[in-house]
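Read through the structure below, which is laid out as structure tokens, and then see the notes.
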Amino acid sequence: MSGKSLASERRFSSVLIANRGEIAARVKRACLEMGLTPVPIASQADAAEAPSLAEGGPLCIGPSTASKSYLNQAAVILAARVSGAGAVHPGYGFLSENADFAAALEKAGLVFIGPPASAIRIMGDKIAAKRAMLAAGVPCVPGPGEPLPDDAGVIAALAEEIGYPVIIKAAGGGGGRGMRVVRSSAEIAEAVSLTREEARRAFGKPELYMEKFLEKPRHVEFQVLCDEHGNAVWVGHRDCSLQRRHQKVVEEAPAPGIDPALAAATGERCAEACRQIGYRGVGTFEFLYENGAFFFIEMNTRLQVEHPVTEETAGVDLVHEQLKVAQGEAIDIAAFSGTASGHAFECRINAEDPESFAASPGRITLARFPEGPGIRVDTHVSDGYRVPAYYDSLIAKLIVHAPTREEAITLMRKALAETRIEGISTNLPLHVKIFNDPDFVAGAVTIHHLEKRLKEGFPAHA
């Protein structure tokens, strides 16, 4: 089928936004910029804070709990049909990496703004993903790309061959769940048993795999963009090592201190992997980086929360690209060099206590965000908005872009000082500490750095 005929078959004029919060606002803005009609949806909790349907507000698709609204596939598809939307953008989280949902949309004659269901299935299974990456020449963490057998003796032998410490992971896991670090042969049997049961309960599948546990890695990821004409490019890399309980807090692009030749070689391998599995849309390859080497850990088959730092440094609108690729258009390979212009940071502003990290839902009495050259704020909140207790605590993303990393740090300090959110607690004080932490300012901290600081305390002057 030619690209022209494929594009004409996939054309749509309206997009149902199957998400909420700042990402729904982000996708809505992109749709309007491209002349597409956005169709927002909302749970009862979110609908209470939005304009009425008569005023152009969202379609209410169910009760406040996510399982009965944003995760209700039948309700989302019905909303698309009722509204006449031709496509569905899943944002991130919720149904964004659900292969069955992607397949159901296509069966219903709707365009899923994301990869094919087959690619989601491959990359959603950690073992299948590792096999695909090895086949494409993507560097992986040492360990067999096969599920662990039931035989305890064979498992123990595999651990010895890899070398302790090792990490046991659920094949269908994610979000920091379904994994255990094992440091000696005495711990291996119990670790496998506990992780297998956790995997069965949390993900519905008991399959496990084993890899070498890296002690002091950084978390570096590569952004990719692909169309259905066989074109695939990598669009820069990011450092996401500032994490708490496996959840990212601050991201930056490009990742500091990475050899350009190594980055280019790794990015090209990622693009080749996409070609081999027939990927479409945007995606992110996540790596651990240690001692000058990359080790693949997983791929996210969706738009990432931290996509703005790549947009700022690569000069591309990734949501625009998603929409164009979903229409069947070919990407402009020449527009993507993989090199970054300047440096960008993103702070995730959450409605949570900055010390205990307990969620802080409630009414925002005042919301003031900074403005000016190099400052960007992605948010859905304003004065009077009530943060619901049912969902993720992210309420805004504060992004800065400057010619150098040092200038970007200075600009972020200024932007944080000018941000005011009252009525609820937020993690703004934590971000202020991070951007005055001498180790973070120096660059290249490991994934354990923030947890260590939270346990031991930040330097007195931070």
Side-chain angles (χ1 to χ4, degrees), residues 3-44 46-47 49-62 66 69-117 120 225-228 280-282 301-303 307 311 316-331 378-380:
K4 182 177 180 181
S5 61
L6 178 64
S8 63
E9 284 188 17
R10 296 182 66 88
R11 285 291 174 185
F12 49 83
S13 60
S14 59
V15 178
L16 184 124
I17 304 170
N19 217 298
R20 63 172 303 279
E22 68 84 16
I23 188 57
R26 167 77 181 90
V27 175
K28 179 180 179 179
R29 183 173 70 249
C31 287
L32 292 172
E33 290 168 348
M34 293 188 67
L36 299 170
T37 301
V39 181
I41 62 173
S43 67
Q44 290 177 352
D46 285 329
E49 299 299 314
S52 69
L53 185 61
E55 299 172 299
L59 290 171
C60 185
I61 60 165
S69 52
Y70 298 108
L71 288 169
N72 186 333
Q73 297 185 36
V76 173
I77 293 173
L78 178 61
R81 284 175 165 163
V82 168
S83 67
V88 175
H89 194 302
Y92 49 70
F94 294 134
L95 296 170
S96 63
E97 294 182 283
N98 189 305
D100 292 338
F101 178 62
L105 288 176
E106 295 290 349
K107 185 176 180 180
L110 298 164
V111 175
F112 177 65
I113 301 178
I120 298 175
L225 172 64
C226 319
D227 62 30
E228 47 201 38
R280 180 185 70 225
V282 301
T301 55
R302 55 171 169 77
L303 192 69
H307 75 273
E311 291 185 324
V316 60
D317 188 308
L318 290 171
V319 181
H320 281 197
E321 295 299 326
Q322 279 187 298
L323 293 167
K324 288 190 289 186
V325 166
Q327 298 261 28
E329 295 183 23
I331 59 178
D378 284 12
T379 188
H380 61 293

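Computed from a predicted model, the values in this text were never measured in an experiment.
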Atom pair [atom1] ([X]) and [atom2] ([Y]), whose distance is rounded to the nearest 0.5 Å:
X	Y	atom1	atom2	answer
Leu59	Leu16	CG	CG	7.0 Å
Leu71	Leu95	CG	CG	5.5 Å
Ile61	Gln44	CD1	CD	10.5 Å
Cys31	His320	SG	NE2	8.5 Å
Asn98	Arg302	CG	CZ	13.0 Å

Are any of the side-chain heavy atoms of [X] and [Y] separated by less than 4.5 Å?
X	Y	value
Leu323	Leu36	yes
Ile17	Ile41	no
Ile77	Phe101	yes
His307	Val282	no
Val319	Gln322	yes
Glu329	Arg11	yes

(request) Determine yes or no for a side-chain-to-main-chain donor-acceptor pair under 3.5 angstrom, with Arg280 supplying the side chain and Cys226 the backbone. (result)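 Checking the backbone N and O of Cys226 against the side chain of Arg280, no donor-acceptor pair under 3.5 Å is found.
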(message) Closer than 3.5 angstrom, by distance alone: can the side chain of Glu97 be matched with the main-chain N or O of Ile120 as a donor-acceptor pair?
(response)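 It does not hold such a pair.
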To check you understand the geometry: which heavy-atom pair defines the closest contact between [X] and [Y], and what is its length?
X	Y	value
Ala85	Leu110	O-CD2, 3.2 Å
Val88	Ala18	CG1-CB, 3.8 Å
Pro58	Ala50	CD-CB, 3.6 Å
Gly84	Ser14	O-OG, 3.4 Å
Gly91	Ser96	O-CB, 3.4 Å
Ser69	Ser43	OG-CB, 3.6 Å

(message) Surrounding CZ of Arg81 (heavy atoms of other residues, nucleotides or ligands, distance under 6.0 Å), is the total greater than 12?
(response)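 Open.
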(message) Using the side-chain hydrogen bond (donor to acceptor under 3.5 Å, both in side chains) criterion, which residues pair with Asp46? Sequence neighbours excluded.
(response)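 Result, side-chain hydrogen bond (donor to acceptor under 3.5 Å, both in side chains) vs Asp46: Arg20, Tyr70.
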(request) Can you sort out the partners of Glu22 under side-chain hydrogen bond (donor to acceptor under 3.5 Å, both in side chains), two or more places apart, ordered by chain and number? (result)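 Checked Glu22 against side-chain hydrogen bond (donor to acceptor under 3.5 Å, both in side chains); matches are Tyr92, Lys397.
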(message) I'd like to know if Asp317 and Arg26 make a salt bridge, using a cut-off of under 4.0 Å between side-chain N and carboxylate O.
(response)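 Here Asp317 pairs with Arg26 in a salt bridge, since their nearest N and O are under 4.0 Å apart.
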(message) As a quick check of understanding, evaluate side-chain contact (heavy atoms from CB on, under 4.5 Å) for Phe12 and Ile113, giving each step before the final call.
(response) CA-CA 11 Å; Phe12 49 83; Ile113 301 178; 4.3 Å; yes
(request) Carefully, step by step, assess Val27 and Asn19 under the rule side-chain contact (heavy atoms from CB on, under 4.5 Å). (result) CA-CA 9 Å; Val27 175; Asn19 217 298; over 6 Å; no
